[in-house]
Amino acid sequence: KVVEKLRDVVLTRQEVQNHIVPAYRRFPGDIGYVVIPTLWVQDMDEQVNGALTDLVAEGPLNGLILDVRSNGGGWLYVLSGLLSHFTRGQAGVFFNRDTVRPLEIGAPAGPDLRDLKIVVLVDGETASYAEVLAAVLQHEKQALVVGTRTAGNTETTYAYTLSDGSRFWLAQEGFRLLNGANLEGHGVEPNVTVDVDWTHYSEDDDPQLLEALRLLGAGPK
């Protein structure tokens with residue numbers, strides 16, 4: 001048994017700042033990989049913009065993997081900001097009993113990656129606007145979706161504060177792709193189904209990630 005010498009450590013007591021951030025890296029073959037854990041973080045679109053900017057600054061990319069597995073959705077403006085790197089114009093419509101309004105995608109604040117090959121990783125917990133992200137890229141950009149069918153829970157909910165101070169959330173708006181497809185109750189069907197629990201694997205042997213790399217022409221990691 002090795003006994004280490006005693007040493008002094010100075011600790012400074014401060015408030016812990018918990019901030020969810022995207023993870024990103026470049027794989028061999030110049031394949032970018034960005035994990036987008038949620039769309040509920042208000043600056044997630046800006047953070048992903050920074051990640052994409054860093055990846056492009058390292059050199060040209062031959063493909064990009066967007067990982068939205070277990071992403072439960074979030075803010076519409078975050079969705080729009082993310083999509084702006086990959087597509088333009090109308091990407092679908094939101095609808096309720098009375099009105100229809102388009103999902104319009106403008107120019108991005110960062111890299112224009114419309115010509116880049118994209119693979120999107122999804123699972124059964126990919127929901128709401130994360131599903132919309134995957135579906136729009138699949139149908140409008142011909143991105144390949146890998147994993148398992150998504151949750152099929154894409155209705156937009158609105159919050160109402162009641163007189164007793166409680167809050168009531170009501171699903172009152174649906175979403176359709178430009179081809180008329182409604183994801184509610186159906187979800188996004190992967191182009192390539194890899195039906196495994198990816199959380200049981202490390203990044204080095206994740207079957208869904210390995211399939212995404214293969215589809216983009218990358219060899220073994």
Neighbour count >12 (heavy atoms, 6.0 Å) for atom NZ, Lys141: yes
Residues forming a side chain to side chain contact (heavy atoms under 4.5 Å, CB included) with Arg88, sequence neighbours excluded: Ala107, Pro108, Asp112, Arg114
Pairwise side-chain contact, Glu189 with Gln138, heavy-atom cut-off 4.5 Å (strictly under): no
Where Leu79 and Tyr129 come nearest, the two heavy atoms and their spacing: CD1-O, 3.5 Å
Closest approach of Thr38 to Gly73 (non-hydrogen atoms, all atoms of both residues): OG1-O, 3.5 Å
Heavy-atom check, side chain of Val120 versus side chain of Leu133, under 4.5 Å: no
Under 3.5 Å: donor-acceptor pair, side chain of Thr150, backbone of Val188: yes
Within-4.5 Å side-chain heavy-atom neighbours: Leu82 and Leu39: yes
Side chain to side chain, Leu178 and Glu140, heavy atoms closer than 4.5 Å: yes
Joint hydrophobic cluster, Ile20 plus Val48, side-chain heavy atoms closer than 4.5 Å: yes
Qualifying residues under side chain to side chain donor-acceptor pair (under 3.5 Å), relative to Ser166, sequence neighbours excluded: Asp164
Spatial distance of atom CD1 (Ile36) from atom CD (Gln47) [nearest 0.5 Å]: 11.0 Å
Phe86: partners by ring-ring contact (aromatic ring centres under 6.0 Å, His included), with sequence neighbours left out: none
Heavy-atom pair with the smallest gap, counting every atom of Asn182 and Phe175: OD1-O, 3.3 Å
Partner residues of Ala181 under the side chain to side chain contact (heavy atoms under 4.5 Å, CB included) criterion, sequence neighbours left out: Leu177, Asn179
Closest non-hydrogen atom pair between Gly152 and Glu131, with its separation: N-OE1, 2.6 Å
Would you give me the side-chain donor-acceptor pairs under 3.5 Å for residues 54-64, sequence neighbours excluded?
residue : atom : partner : partner atom : Å
Asp54   : OD2  : Tyr24   : OH           : 2.6
Glu58   : OE1  : Arg26   : NE           : 3.2
Asn62   : ND2  : Gly29   : O            : 3.0

Over all atoms of both residues, closest heavy-atom pair of Val119 and Ala212: CG1-CB, 3.6 Å
Side-chain heavy-atom pair Val34, Leu52 within 4.5 angstrom cut-off: yes
ring-ring contact (aromatic ring centres under 6.0 Å, His included): pairs with one or both residues in residues 29-73, sequence neighbours excluded: Phe27-Tyr33, Trp40-Trp75
Interatomic distance, Leu210 atom CG to Leu215 atom CG [nearest 0.5 angstrom]: 11.0 Å
Note, Leu121 side chain near Ile65 side chain (heavy atom, < 4.5 Å): yes
Thr87 side chain vs Leu83 backbone, donor-acceptor pair below 3.5 Å: no
Side-chain donor or acceptor of Ser80 paired with backbone N/O of Tyr77 under 3.5 Å: no
Atom pair CZ (Arg176) and CG (Leu183), whose distance is rounded to the nearest 0.5 Å: 11.5 Å
Counterpart residues, side chain to side chain donor-acceptor pair (under 3.5 Å), relative to Thr199 (two or more places apart): Asp197
Residue pair Val122 / Val146, side-chain heavy-atom distance below 4.5 Å: no
Side-chain cluster (under 4.5 Å, hydrophobic types only) that Val100 belongs to, other residues: Val93, Phe95
Set of side chain to side chain donor-acceptor pair (under 3.5 Å) partners for Glu184, sequence neighbours left out: Thr154
Any pair counted as ring-ring contact (aromatic ring centres under 6.0 Å, His included), so long as it reaches residues 100-124, sequence neighbours left out: none
Non-neighbouring partners of Glu211 that pass side chain to side chain donor-acceptor pair (under 3.5 Å), sequence neighbours left out: Arg214
Straight-line distance of His85 NE2 to Leu137 CG, nearest 0.5 Å: 11.5 Å
Side chain to side chain, Gln172 and Asn96, heavy atoms closer than 4.5 Å: no
Minimum-distance pair of heavy atoms, taken over all atoms of Glu104 and Gly89: OE1-C, 3.3 Å
Under 3.5 Å donor-acceptor, Asn191 side chain and Val145 backbone: yes
Pairs where residues 178-205 contributes a residue and the test ring-ring contact (aromatic ring centres under 6.0 Å, His included) is met, not counting sequence neighbours: none
